[in-house]
Trainee: 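Can you keep this structure in mind? I'll have questions shortly.
Here the structure is a predicted model, which is why all the values come from computation and not from measurement. Naming convention: chains lettered A, B, ... in sequence-line order (proteins, then strands); numbering from 1 in each chain.
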Amino acid sequence: MPELPNVKKGKQVVMRLAPYPSGALHIGNARMLVINDEYVKRYKGKLILVYDDTIGATKQAIETNLDAKYIIPEAYDLIRDGLEWLGVNYDKKNVVYKSDRLDIYQKYAKEFIQKGEAYVCDCDAALYRENHKKVGIPCSCKALSIESHLERWNQMLDGTYAEQEAVVRLNTGMDQKDPALRDHVIMRISDAEHPRIGTKYRVWPILDFSWGIDDHELGITHIIRGADLQKEGFMEQFIWDLMGWEHSNIQLYGRMKFSKNFKLSKTLARQKISTKEYDGWEDPRTWSLQSLRARGIQSEALRQSLIDLGMSMSGINFSENWIYAKNTKIIDENANRYWFVEDPIKLDISDLSKTEYTSTPLLNPNNEKLGTRNITLNAFNNQASVYISRLDTVEQLSRKGNKVRFPKISVGSQFRLKDLFTIEVQSVHPKKYNAVFLTEEAEKSIRKIQWVPHASNIKVHVLKPDGIVMHGRAENTIKSLPLGTILQFERYGYVKIQKIEKNEVYCYFTH
RNA sequence: GCUUCGAUAGUGUAGCUCGGUCAAGCAUGUGAGGCUCUCACCCUUGCGACGCGGGUUCGAAUCCCGCUCGAAGCACCA
């Protein structure tokens with residue numbers, strides 16, 4: 001990341017985080033958090049957490065529109081929790097809530113009206129947009145006297161005006177080139193109940209305005225945010241000029257686009273969680289920080305991936321594989337290996353000469369000191385049974401989506417049950433394969449697959465990132481692992497153990 | 001449509017301010033080989049890019065102009 005401009009000697013860099021508490025922070029929000037945090041650490045500055053908890057939608061919108069934005073009370077803690085996990089070092093003694101600052105915004109709004117810099121407009125929003133904003137012609141409200149605007153302001157406060165019936169517009173000028181900026185709204189009415197302060201206030205600031213005030217009042221020296229907030233930067237600068245305030249330095253970065261298979265929206269996640277379609281904020285489909293943690297993604301992998309994106313203004317097609325690649329490098333050396341067969345299929349083996357075969361694979365081939373685990377297969381009447389994964393009996397792609405080196409297992413296939421012995425398939429039935437023992441000698445080039453004893457194993461459920469749960473069986477040794485352990489199921493992927501219940505193991509698929 | 005911004009390999013990013021050391025670095029991806037009783041990890045090695053056109057200059061990824069393509073914003077959300 002480039003150096004920050006306008007860093008003055010003897011003046012501390014002060015930056016801020018501005019999450020909206022409508023749900024848990026997700027991977028998209030994380031870029032803003034990580035970049036700000038990283039700069040503050042580099043310049044030994046101060047990072048202020050400002051809950052951007054203005055009211056959001058109107059009461060009416062919240063009641064009628066599923067997509068309306070509003071605050072959910074548990075989001076405050078979810079955000080705090082997410083920041084902690086990410087290692088964001090904000091000033092914990094000085095957390096700011098916008099909802100505590102309504103008096104300030106109202107004071108400035110009134111001051112602007114008194115100065116003639118703002119006015120109360122009671123035009124219909126849609127009509128105003130068509131007849132005034134788009135064409136650049138002021139509405140009749142603007143010509144009224146300051147006294148009548150002050151009177152209207154009081155009527156906004158005292159409830160004479162209902163929601164949607166009046167707003168305060170900043171006099172940015174109807175001749176602005178960008179229609180969006182023409183006499184933009186700075187205060188509006190919402191009777192919605194706020195989780196922290198209830199209905200104490202009904203006239204709320206718009207984002208641009210509240211930040212124009214707060215970035216100055218909180219002494220923010222540098223603002224870093226997504227390019228989608230460009231207009232807000234203009235509005236803030238307009239306000240700073242009106243007040244004669246020093247400008248904070250604003251840096252923008254381009255938007256991230258995510259692949260089709262995940263939609264990032266706190267509002268959408270909130271909906272799906274409330275309808276139980278998602279299993280809480282740890283559901284991988286939310287892509288919340290909590291869900292990433294539950295999957296076994298290391299925060300350092302996420303941080304580094306986001307920092308690698310830099311501060312480019314161009315749009316980015318974000319790939320989750322960047323995180324996975326970094327995460328693999330972090331977790332691999334500590335992720336012990338175990339066997340898991342997804343969608344098990346029974347395999348009967350004959351021609352065995354011993355009554356017991358014991359397999360002792362290394363827990364971690366990259367660290368022999370960790371030792372081995374023991375898996376015993378018992379034979380009766382020269383026969384034994386194991387489970388293998390149905391994935392190995394069908395044509396399939398590798399984890400990364402490439403062609404696999406070996407063809408599907410079918411009649412005549414010779415392969416090795418890993419760390420045990422080599423067999424040849426004799427016959428294939430829908431629910432059962434038969435094979436004969438060939439040798440215990442290991443050949444280098446032969447295919448090896450994981451297996452579990454038919455008589456001794458544990459049921460495992462793996463929650464994939466797309467929300468689908470896969471079922472299978474793993475070796476018994478994983479039963480004694482502590483919850484939260486990240487391990488590698490060989491030839492399958494990394495998983496994190498979420499819970500063990502009724503002798504069944506529940507995991508999140510990491511990647 | 002209007003406003004603003006951007007364009008380096010498949011995906012990202014460094015370099016562009018102060019033109020030569022850039023026949024373009026790094027990550028990820030991908031091909032080959034090695035290691036390995038995993039298709040993992042690790043190691044070696046190959047592949048792959050300056051959007052197009054013009055100009056300035058001895059010399060342009062870097063400066064200028066035009067074009068093309070793309071993104072964001074255009075709400076009484078944040």
Trainee: For a quick check of understanding: with a heavy-atom distance under 4.0 Å over all strands, which category does A/G56 fall into, base, sugar-phosphate or nothing?
Mentor: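 Answer is sugar-phosphate: A/G56 comes under 4.0 Å of backbone atoms only.
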Trainee: With rounding to whole Å, what would you report as the distance between B/rC26 and B/rU44 at their P atoms?
Mentor: 12 Å
Trainee: Between B/rC69 and B/rC64, how many Å separate the two P atoms, rounded to a whole number?
Mentor: 23 Å
Trainee: Kindly write out the residues that satisfy salt bridge (charged side-chain N to carboxylate O under 4.0 Å, His left out) with A/K59, not counting sequence neighbours, or none if the list is empty.
Mentor: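 A/K59 satisfies salt bridge (charged side-chain N to carboxylate O under 4.0 Å, His left out) with no residue once adjacent residues are dropped.
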Trainee: Indicate, yes or no, whether a donor-acceptor pair under 3.5 Å links the base of B/rC37 to the side chain of A/K418.
Mentor: no
Trainee: I need the NZ-P distance between A/K329 and B/rA27, as an integer number of Å.
Mentor: 9 Å
Trainee: Any base atoms under 4.0 Å from A/T54, or only sugar-phosphate, or nothing? Heavy atoms, all strands.
Mentor: sugar-phosphate
Trainee: Look at the side-chain N and O atoms of A/R188 and state whether any lies under 4.0 Å from the OP1 or OP2 oxygen of B/rA78.
Mentor: yes
Trainee: I'd like to know if A/R337 reaches the base of B/rA40 with its side chain such that a donor and an acceptor end up less than 3.5 angstrom apart.
Mentor: yes
Trainee: Taking only heavy atoms on the protein side, list every residue of residues 156-170 of chain A lying under 4.0 Å from any atom of RNA chain B, sorted numerically.
Mentor: A/Q164, A/V167
Trainee: Rounded to whole angstrom, note down the C1' distance from B/rC18 over to B/rG12.
Mentor: 27 Å
Trainee: Any donor-acceptor pair under 3.5 Å linking the side-chain atoms of A/T439 with those of A/E441?
Mentor: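 No, no side-chain donor-acceptor pair sits under 3.5 Å.
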Trainee: Give a yes/no verdict on a cation-pi contact between A/R16 and A/W211, requiring under 6.0 Å between NZ or CZ and the six-membered ring centre and an angle within 45° of the axis.
Mentor: yes
Trainee: With nearest nucleotides of RNA chain B determined for A/M313 and A/N364 from heavy-atom distances, which residue corresponds to the more 5′ nucleotide?
Mentor: A/M313
Trainee: Taking the C1' atom in each of B/rG10 and B/rU30, what is the distance between them to the nearest angstrom?
Mentor: 9 Å
Trainee: With a distance cut-off below 6.0 Å to the six-membered ring centre and an angular limit of 45° from the axis, does A/R31 pair with A/F318 as a cation-pi contact?
Mentor: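 No, A/R31 and A/F318 do not form such a contact.
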Trainee: Can you tell me, in whole Å, how much space there is between the C1' of B/rG73 and that of B/rG31?
Mentor: 43 Å
Trainee: Once you apply a heavy-atom cut-off of 4.0 Å, does A/N366 come out as touching a base, just sugar-phosphate, or nothing?
Mentor: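 Base: the residue A/N366, judged by heavy atoms under 4.0 Å, touches a nucleobase.
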Trainee: Rounded to whole angstroms, how far apart are CD on A/E368 and P on B/rC41?
Mentor: 19 Å
Trainee: Which of the following nucleotides, B/rG73, B/rA40, B/rC76, is nearest to the side chain of A/A125?
Mentor: B/rC76
Trainee: Among the nucleotides B/rC77, B/rG12, B/rA78, which one has an atom lying closest to any side-chain atom of A/N317?
Mentor: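 Among the listed nucleotides, the one closest to the side chain of A/N317 is B/rG12.
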Trainee: What residues in residues 21-33 of chain A put a non-hydrogen atom under 4.0 Å from any atom of RNA chain B?
Mentor: none
Trainee: Identify the stems formed by RNA chain B, where each pair is Watson-Crick or G-U wobble with both distances under 3.5 angstrom and a stem is at least 3 consecutive pairs.
Mentor: B:1-7 with B:68-74, B:10-13 with B:25-28, B:29-34 with B:42-47, B:51-55 with B:63-67
Trainee: Is A/R491 positioned over the aromatic face of A/F340, cation under 6.0 angstrom from the ring centre and no more than 45 degrees off axis?
Mentor: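 Ring-cation test returns no.
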Trainee: Using atom CD1 of A/I206 as one end and atom C1' of B/rA78 as the other, report the distance to the nearest whole Å.
Mentor: 9 Å
Trainee: Relative to A/Y97, does A/R196 satisfy both conditions: NZ or CZ under 6.0 angstrom from the six-membered ring centre, and within 45 degrees of the ring's axis?
Mentor: yes
Trainee: Kindly say if A/R129 contacts the phosphate of B/rC76, meaning a side-chain N or O under 4.0 Å from OP1 or OP2.
Mentor: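 It does, given that an N or O in the side chain of A/R129 lies less than 4.0 Å from OP1 or OP2 of B/rC76.
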Trainee: How long is the line joining CG of A/D178 and P of B/rC74, in whole Å?
Mentor: 9 Å
Trainee: Please state whether the phosphate of B/rC39, meaning OP1 or OP2, lies under 4.0 angstrom from any side-chain nitrogen or oxygen of A/R447.
Mentor: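 The answer is no; no side-chain N or O of A/R447 sits under 4.0 Å from OP1 or OP2.
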Trainee: Which one, B/rA72, B/rC37, B/rC74, comes nearest to the side chain of A/R416?
Mentor: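 Output: B/rC37.
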Trainee: If the P atom of B/rG19 is compared with that of B/rC41, how far apart are they to the nearest Å?
Mentor: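 To the nearest whole Å, 44 Å.
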Trainee: Does a side-chain N or O from A/K444 land closer than 4.0 Å to OP1 or OP2 of B/rU36, or not?
Mentor: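 Checking B/rU36 against A/K444, a side-chain N or O does come within under 4.0 Å of OP1 or OP2.
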Trainee: Taking atom types as modelled, is there a side-chain donor on A/D67 or A/Q271 under 3.5 Å from an acceptor on the other?
Mentor: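 Per modelled atom types, A/D67 and A/Q271 side chains form a pair under 3.5 Å.
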Trainee: So what does A/Q450 touch, heavy atoms closer than 4.0 Å: a base, only the sugar-phosphate, or nothing?
Mentor: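 Counting heavy atoms under 4.0 Å across all strands, no contact is made by A/Q450.
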Trainee: Using OP1 and OP2 only, check whether a side-chain N or O of A/S319 sits under 4.0 Å from B/rU11.
Mentor: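 Negative; the distance criterion is not met.
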Trainee: List for me each residue that meets salt bridge (charged side-chain N to carboxylate O under 4.0 Å, His left out) alongside A/D183, sequence neighbours excluded, and say none if there are none.
Mentor: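 Salt bridge (charged side-chain N to carboxylate O under 4.0 Å, His left out) check on A/D183 returns A/K142.
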Trainee: Of the listed nucleotides (B/rC39, B/rA40, B/rA78), which one gets closest to any side-chain atom of A/R491?
Mentor: B/rC39
Trainee: Measuring from A/D392:CG to A/I409:CD1, what's the distance to the nearest 0.5 Å?
Mentor: 5.0 Å
Trainee: With no angle test and no hydrogens, is the base of B/rU38 tied to the side chain of A/Q488 by a donor-acceptor pair under 3.5 Å?
Mentor: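 Answer yes: a donor N or O sits under 3.5 Å from an acceptor.
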Trainee: Can we say A/K326 and A/D308 salt-bridge, meaning some charged N sits less than 4.0 Å from an Asp/Glu carboxylate O?
Mentor: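 Result for this pair is yes, salt bridge flagged.
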Trainee: Measuring from the side chain of A/L207 (C-beta onward, heavy atoms only), which nucleotide among B/rA40, B/rC37, B/rA78 has the closest atom?
Mentor: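 Among B/rA40, B/rC37, B/rA78, the one nearest the side chain of A/L207 is B/rA78.
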Trainee: Rounded to the nearest angstrom, tell me the gap between atom CH2 in A/W204 and atom C1' in B/rC76.
Mentor: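 Rounded to the whole Å, the gap is 15 Å.
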Trainee: What is the distance, rounded to the nearest whole Å, between atom CH2 of A/W153 and atom P of B/rC76?
Mentor: 17 Å
Trainee: Between B/rU13, B/rA40, B/rC37, spot the one nearest the side chain of A/I316, thanks.
Mentor: B/rU13
Trainee: What is the distance, rounded to the nearest whole Å, between atom CG of A/L268 and atom C1' of B/rC77?
Mentor: 16 Å
Trainee: Going by the side-chain contact (heavy atoms from CB on, under 4.5 Å) test, name the single residue among A/K464, A/M470, A/K496 that passes it with A/F509.
Mentor: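 Only match with A/F509 under side-chain contact (heavy atoms from CB on, under 4.5 Å): A/K464.
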Trainee: Taking the same atom, C1', in B/rU56 and in B/rC43, what whole-Å distance lies between them?
Mentor: 49 Å
Trainee: Could you walk me through whether A/E163 and A/R188 pass salt bridge (charged side-chain N to carboxylate O under 4.0 Å, His left out), step by step?
Mentor: CA-CA 8 Å; A/E163 282 184 342; A/R188 76 340 176 160; over 6 Å; no
Trainee: For a quick check of understanding: with a heavy-atom distance under 4.0 Å over all strands, which category does A/S190 fall into, base, sugar-phosphate or nothing?
Mentor: nothing
Trainee: Determine the interatomic distance between P on B/rC39 and the same-named atom on B/rA32; round to the nearest Å.
Mentor: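 My reading of the P atoms in B/rC39 and B/rA32 gives 14 Å.
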Trainee: Would you kindly check if the NZ (Lys) or CZ (Arg) of A/R373 is within the cone defined by 45 degrees around the ring axis of A/W339 and under 6.0 Å from the six-membered ring centre?
Mentor: yes
Trainee: Taking A/E3 first and then A/R42, would you say they form a salt bridge - that is, a charged N and a carboxylate O separated by under 4.0 Å?
Mentor: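 Counted as a salt bridge, because a side-chain N and a carboxylate O are separated by less than 4.0 Å.
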Trainee: So which nucleotide from B/rC41, B/rU4, B/rC37 ends up closest to the side chain of A/Q230?
Mentor: B/rU4
Trainee: Identify, with sequence neighbours excluded, every residue that meets salt bridge (charged side-chain N to carboxylate O under 4.0 Å, His left out) alongside A/E440.
Mentor: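 Per chain and number, A/E440 pairs via salt bridge (charged side-chain N to carboxylate O under 4.0 Å, His left out) with A/K354.
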Trainee: Applying a 4.0 Å non-hydrogen cut-off, can you work out what A/L229 is touching in the nucleic acid: base, sugar-phosphate, or nothing?
Mentor: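 A/L229: base contact, heavy atoms under 4.0 Å.
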Trainee: Could you state the interatomic distance from CD1 (A/I323) to OG1 (A/T328), rounded to the nearest 0.5 Å?
Mentor: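 Result: 11.5 Å between the selected atoms.
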Trainee: Rounding to an integer number of Å, can you tell me how far A/M187 CE sits from B/rC76 P?
Mentor: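 Taking atom P of B/rC76 as the reference, CE of A/M187 is at 15 Å.
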